[in-house]
Amino acid sequence: MKFSSSYEPGEYESEIYAAWEASGIFNPAVPTIPIDNDGDGIDDRSKTNTYSIVMPPPNANGNLHIGHGLTVALEDSLTRYYRLRGKSTWYIPGADHAGFETWVVYERELEKHGHTRFEYDRDELYSRVWNFVAEQRGNMELQLRALGASCAWDDLTFTLDENVIDRVYTTFEKMWNDGLVYRGEKLVNYCPKHQTAFADIEVEHQDEKGTLWDIEYRLAENTDLDAVIVSTTRPETLFGDTAVAVNPADPRYKELIGKYVELPLTDRKIPIIADEHADPEFGTGVVKITPAHDFDDFEVGNRHNLERIQVISEDGHMVNVPEKYFGLTTSDCRKEVLKDLKEQGLLKDEKKIVHSVAHCYKCGTILEPMLKEQWFIDVEKLASVAISHLEANEIKFYPENKQKVLINYLKGLKDWNISRQIPWGIAIPMFRKVDVSATDEPDWIFDRRTNLKEIEKAGVKYVRDEDTFDTWFSSSHWPIVCTNWTAENNNPYYPLNVMETGADILFAWVARMIMMGIYVTGEVPFKAVYLHGLVLDAEGKKMSKSKGNVINPMDLVAKYGSDAFRLGILRGRSAGMNQAFSENSVIAGRNLTNKLWNISRLIQSIIDEEFEDNTIEGLPEAAAEDERPNPVKTGVRDATRNGIISNSYTTNNMGEDWICREINNCLEQVEKSMRGYRFAEAVETLYQTIWDKYADWFIESQKIFKNTSLLKKTLETLLIALHPFAPFVTEAIWQNLSWTDGFIATANWPAKLKYDPISAENFENIRIIVSEVRATLQALPGTNNAKYPLLYDNDSLVAENELLIKTLTKAPTINSLNGSPRGLRLALANHEVYLDVSESVVNNYKEALTEKILAVGRELDALNARMMNPNYVEKAPAHLVKETTDQIKEKESLISRLKQQLEIV
RNA sequence: GGGGAUUUAGCUCAGUUGGCUAGAGCGUACGAUUCACAUUCGUAAGGUCACAGGUUCAAGCCCUGUAAUCCCCACCA
C-alpha cells in the first residue's frame with residue numbers, strides 16, 4: 001500500500017515540483033523564437049494554439065505576501081487549465097528591481113552603518129544596490145515554486161535585464177523623436193526625506209487636522225480699504241508670494257485690482273490680480289499666490305506671468321528669505337513667522353480645519369510641491385489612442401466596470417513625470433550640453449551610453465542626466481519585453497491572453513501597459529484584464545504590519561499544503577472585490593485534498609484486490625511495481641502527452657450512470673466558469689462533485705458493485721479537472737496510482753463520459769428514498785441508536801435495489817411486504833417504503849407527521865395558486881406549466897398517503 | 001465636486017440573458033462509528049435576499065428612489 005492514511009503535502013510537494021521543472025513541461029511546447037519548418041515563409045508559430053500570461057514581477061529581494069499568493073493561485077490555475085486543454089502555455093515569471101521600494105530599504109541599510117547616499121556617486125550607488133539585491137535575491141523564486149507556479153523559469157525576466165533596458169531606450173528614443181518627451185520646469189510632488197520627485201499617482205492624500213491662519217496684507221497705497229486679509233495653512237510660504245488674487249467678479253475688491261500690497265515681514269510690494277481661482281465664497285475672497293510652492297498658484301502664476309520664488313530647498317530648509325529665517329526648517333520657520341506676525345498685529349485669526357495633505361507613500365513625510373526641471377511624457381495622444389482601443393472593446397475586463405473606470409481615468413490624465421532622483425533604476429538616456437559656446441547644438445541629446453558620465457559628439461561635450469526612470473515607465477513595457485516581441489517576428493504569444501494583477505494598480509500599471517503596448521506594437525498588449533481585489537483579514541480589515549494582522553502565505557503552505565492554500569484563497573473570491581480571508585477556508589481546502597487522497601486510496605485498494613483475484617485465476621501478471629516508470633523519482637518523463645489511460649469502461653447500474661452524468665455536468669460547469677474567470681465557482685463545483693456526489697454516493701454504492709474500469713475512468717477525470725487548482729495532490733495521487741503514466745500536469749482535459757440518462761435519473765429516486773429513511777430515523781423520538789428493518793410494497797425500483805438501499809441506510813434487513821402494510825410509512829410520493837417500527841413508536845411520531853402534512857400542504861397551496869392564475873397558464877412557458885401540474889399531482893398523492901398513515905395511527 | 005462598487009443564513013460568499021420551493025463552506029445543534037478518510041459519516045436548525053415604490057403571469061435578479069458601508073480620482077487658500 002503506497003497510500004498512507006492521510007495526505008501529507010510536505011512529503012510530496014518539493015519533490016513533485018522539482019520533477020516537473022526538470023522535465024521541462026513548464027516551457028511552452030511551441031518555441032518562443034521564430035521558426036519556419038514548412039518553408040512557406042510564414043512563421044509556423046502563428047498557426048498554433050498558444051496561451052501566454054506574464055507574472056506581475058514580485059520584488060526581487062523581497063518575500064511573497066498574501067496578494068502574491070492570490071496572484072499565483074489565479075494565474076497558475078489558468079495556465080494549468082489551458083495546458084491541460086492542449087495549448088502551448090507560456091507563464092513567464094519576473095522579478096522587479098522595485099526602484100523606489102528597494103532604494104528605501106537600501107538607504108535604511110546605509111543609515112544603519114552610519115552612511116548617507118551623498119557620500120557616493122550615482123554609479124557607485126547603483127552597483128552597491130545591485131550587489132545588495134543579488135545577495136537577497138532568490139527567496140521569492142523559491143516561494144513561487146512552493147506555491148506551484150508552473151512558470152517557464154528559463155525565461156524569467158528581471159526588470160533591469162539588458163533586453164528590458166534596450167527596449168525602454170528604444171521607446172524613449174522614439175518618443176523623443178515624436179516629440180512626446182519634453183523637459184519642463186514644473187511643480188512636482190517632492191519628498192524632502194528621500195529627495196526625489198513622484199508621479200501624481202504615487203502620492204497619498206490624507207485628511208488631516210490643520211490650522212487656517214488669517215493674515216493682514218496692508219495696502220501699499222491709499223484706497224478705501226487699508227488692508228486685505230488672506231487665509232493660509234502655510235504661513236511660511238508667504239516669502240514666496242508674488243501676488244494676491246481676487247475674483248474678477250467680486251464687487252468688494254473691484255477697485256483694488258492692479259494696486260499693490262505690502263508683503264509682511266519683507267520690504268516687497270506685490271500686486272493684486274484678478275483670477276477665477278479666487279473663490280469669493282471662501283474666507284475673505286482674497287488668496288495669496290505662491291507659484292513656486294502650490295499647484296494652483298503655479299497655474300495662476302503662468303496665467304499672469306508671475307515670478308516664481310523658491311523659498312524651500314530640496315532638503316526642506318528655507319532659502320531666498322530674509323536673513324532671520326534663512327536655513328530654518330519649514331516647521332521652525334512657521335513658528336517664527338507666526339510669532340513675528342502676531343507682534344506686528346498682522347495675525348488676525350486662526351481656525352482649526354480639516355484638509356487633505358499629500359504624503360510620501362513610503363515614509364509618510366509630507367510632500368513638498370517643488371519647482372524642478374524634469375522629464376515629462378506628453379500623454380494626451382497616448383491616452384486618446386488607448387481610449388479608442390478600449391472603446392472598441394479590444395480588451396475584456398473582469399470585472400467589467402473597470403473598463404469604464406479606466407477610460408474615465410485616461411480622459412483626465414495629466415502629463416507624466418518620469419524623472420526620479422534615486423540611483424536605483426534605469427538611467428535616463430539623455431545628456432546635457434556643457435559647452436555653452438556650441439550654440440548650434442541642442443541642449444539635450446539622446447544617447448544609449450548611460451554607462452558613461454560624459455560623452456562627446458561632434459566635438460561637443462555632454463554630461464549624463466543623473467535621474468532614473470519612474471519604474472512604471474519601464475514596467476509599462478512588461479508584456480512586450482517578456483514575450484520578446486519585435487517588429488519583425490509575428491509573435492504568437494503577443495498580445496497576452498490575459499493580464500492578471502491587483503485592481504489597485506489599474507491606473508499605475510495596466511493603463512500604462514495599454515498606452516505603451518499600443519504605442520510600441522500598434523496592438524493592445526493583452527486580450528483580457530483580470531483584476532483581483534485586496535485580500536483582507538478574517539474581520540474584513542486591511543492587512544498591515546502595524547495592525548499585526550498580516551497572514552503569511554508561506555506559513556499556511558507549510559501548515560496545510562500548497563493546494564489547501566490555493567483552494568482556500570480562491571474560495572468565495574470574485575474579480576475586483578476586496579474580500580476577507582481566514583484560515584478556515586484553507587482548512588476546508590486541506591480537507592478536500594485529504595478526501596481526494598482517501599478516495600484514491602480506496603479505489604487503488606479495490607483495483608489491487610481485483611488484480612490479486614485475477615492473478616489467482618492465472619491471468620498474466622502485470623509489470624512489477626518497481627519497473628513502472630516513475631517520473632517523480634527519475635525526473636524524466638515520456639515525451640508524448642498522456643492520453644487518458646482507462647478508455648474502455650461501461651456503466652452497469654443506475655449509480656454508475658448517475659455519477660457519469662454528474663461528472664459531465666461538473667466538467668461543463670468548470671469549463672464555463674473558467675471561460676468567465678469565475679475561479680471560485682469552478683472550485684466550488686469540483687468540491688461538491690468530488691465530496692457530495694462522488695464520495696458520498698457513488699463510492700458508497702461501489703462498495704457493493706465494483707466496476708473497476710469505471711472507477712479508474714471517473715477518478716482520472718476528477719483528478720485532471722481539479723489539477724489546475726490543486727496541482728500537487730492530484731499529481732501525488734497520479735504518481736501513486738498503479739495504472740497511470742506520465743504527469744497529470746500534461747494530461748489531456750477529459751472528454752465527456754457516456755451513460756444512460758434514464759438510468760441516471762432513476763438513481764435520483766434511490767437517493768430520495770435513502771435520504772427520507774435517514775431523516776425519518778433521526779426524527780423518530782427516543783430512537784437514537786435504534787435500527788429498524790425496511791419494508792416495501794409493490795415497488796420494483798426498491799426491489800431491484802434492495803441491497804444498495806439496505807447498505808446506504810444501514811438497515812438491518814429489507815423485505816417486501818406483499819400487500820400487508822405495517823410500521824411507519826415514509827413521506828415519499830411515488831414509493832411505498834416503511835420502517836418496521838412498533839405502533840407506539842409510530843404514535844410518538846404523530847406530531848412530526850402532522851407538521852409534515854401541513855408543510856406539504858403549504859407548498860401545494862402555493863402551486864395551486866399559481867395554476868389558478870389564468871395569465872400564468874397562458875403566458876408562462878409550457879414546460880413550466882407542466883412541471884407545476886406534475887408537482888401538484890405529486891404533492892396531492894403524498895398528502896393523501898400521509899393522511900392515511902395518520903388515520904391508521 | 002467627479003467616478004466606481006457593496007448590502008442575500010451567526011461569519012465569508014455564490015446565485016451569468018427574470019422561472020427560486022434562495023445555495024455553499026465555516027460555525028451551531030443532535031446523532032453515528034473504528035470498516036478509504038474524525039482532516040470522517042448522517043440529520044437538522046438558521047433568510048420578509050438593506051428599505052420603499054414600479055414593470056411582469058413570475059423579481060434576489062430589471063427600472064425609479066432612499067439609506068448604510070467602502071474604494072478611487074480631483075480639490076480644499
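Here is the naming used below: chain letters follow the sequence lines, and residue numbers restart at 1 for every chain. Heavy atoms only: backbone and side chains are in, while hydrogens, waters and symmetry mates are out.
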How is [X] classified with respect to the nucleic acid when contacts are heavy atoms under 4.0 Å: base, sugar-phosphate, or nothing?
X	value
A:Phe507	sugar-phosphate
A:Gln688	sugar-phosphate
A:Glu874	nothing
A:Phe282	base

Integer angstrom distance from the [atom1] of [N] to that of [M]:
N	M	atom1	answer
B:G54	B:U16	C1'	24 Å
B:C51	B:U12	C1'	24 Å
B:G25	B:A67	C1'	31 Å
B:G60	B:U7	C1'	12 Å
B:A44	B:A9	C1'	14 Å
B:U8	B:C70	P	15 Å
B:C11	B:G47	P	13 Å
B:A45	B:G23	P	12 Å

*Looking at A:Trp213, is A:Arg234 sitting on its ring face, NZ or CZ under 6.0 Å from the six-membered ring centre and within 45 degrees of the normal?*
no
Protein and nucleotides 42-44 of chain B: nitrogen or oxygen contacts under 3.5 angstrom:
| unit_1 | atom_1 | unit_2 | atom_2 | d |
| --- | --- | --- | --- | --- |
| B:G42 | OP1 | A:Asp696 | OD2 | 3.3 |
| B:G42 | N2 | A:Gln778 | OE1 | 3.2 |
| B:G42 | N2 | A:Gln778 | NE2 | 3.2 |

Regarding [X] and [Y], is there a side-chain donor-to-acceptor distance under 3.5 Å anywhere?
X	Y	value
A:Ser701	A:Lys703	no
A:Asn665	A:Gln669	no
A:Ser6	A:Glu8	yes
A:His359	A:Glu208	yes
A:Asp241	A:Tyr217	yes

For [X] and [N], is the shortest distance between a side-chain N/O and OP1 or OP2 below 4.0 Å?
X	N	answer
A:Gln604	B:C37	no
A:Ser574	B:A14	yes
A:Arg866	B:U21	yes
A:Arg601	B:C37	yes
A:Asn598	B:U39	no
A:Asn594	B:C37	no

Over how many whole Å does the gap from [X] atom [atom1] to [N] atom [atom2] extend?
X	N	atom1	atom2	result
A:Leu406	B:A5	CG	P	14 Å
A:Ile407	B:C73	CD1	P	18 Å
A:Leu715	B:A36	CG	P	16 Å
A:Glu276	B:C75	CD	C1'	16 Å

*Within a strict 4.5 Å, meaning less than it, do heavy atoms of the A:Leu863 and A:Met867 side chains meet?*
no
Could you list all N or O pairs between the protein and nucleotides 55-62 of chain B that sit under 3.5 Å apart?
| unit_1 | atom_1 | unit_2 | atom_2 | d |
| --- | --- | --- | --- | --- |
| B:C57 | OP1 | A:Lys875 | NZ | 2.1 |
| B:C57 | O2' | A:Asn869 | ND2 | 2.7 |

*For RNA chain B, write out the stems as range with range, using runs of 3 or more consecutive Watson-Crick or G-U pairs with both distances under 3.5 Å.*
B:1-7 with B:67-73, B:10-13 with B:23-26, B:28-32 with B:40-44, B:50-54 with B:62-66
*asked:* Once you measure the plane-to-plane angle for A:Tyr398 and A:Tyr677, does it fall in the parallel (<30°), tilted (30-60°) or perpendicular (>60°) bin?
replied: tilted
_Can you tell me how the ring of A:Phe198 sits relative to the ring of A:Tyr361, calling it parallel under 30°, perpendicular over 60° and tilted otherwise?_
perpendicular
*Report, as yes or no, whether the 6.0 Å neighbourhood of atom NZ on A:Lys414 holds more than 12 heavy atoms from other residues, nucleotides or ligands.*
no
_Taking the ring centre of each residue, are A:Tyr560 and A:Tyr7 less than 6.0 Å apart?_
no
*asked:* Quick test of your reading of the model: are A:Lys693 and A:Glu764 salt-bridged, counting only N-O distances below 4.0 Å?
replied: no
*Go through A:Thr714 and A:Tyr694 one step at a time and tell me if the side-chain hydrogen bond (donor to acceptor under 3.5 Å, both in side chains) criterion holds.*
CA-CA 9 Å; A:Thr714 49; A:Tyr694 197 67; 2.7 Å; yes
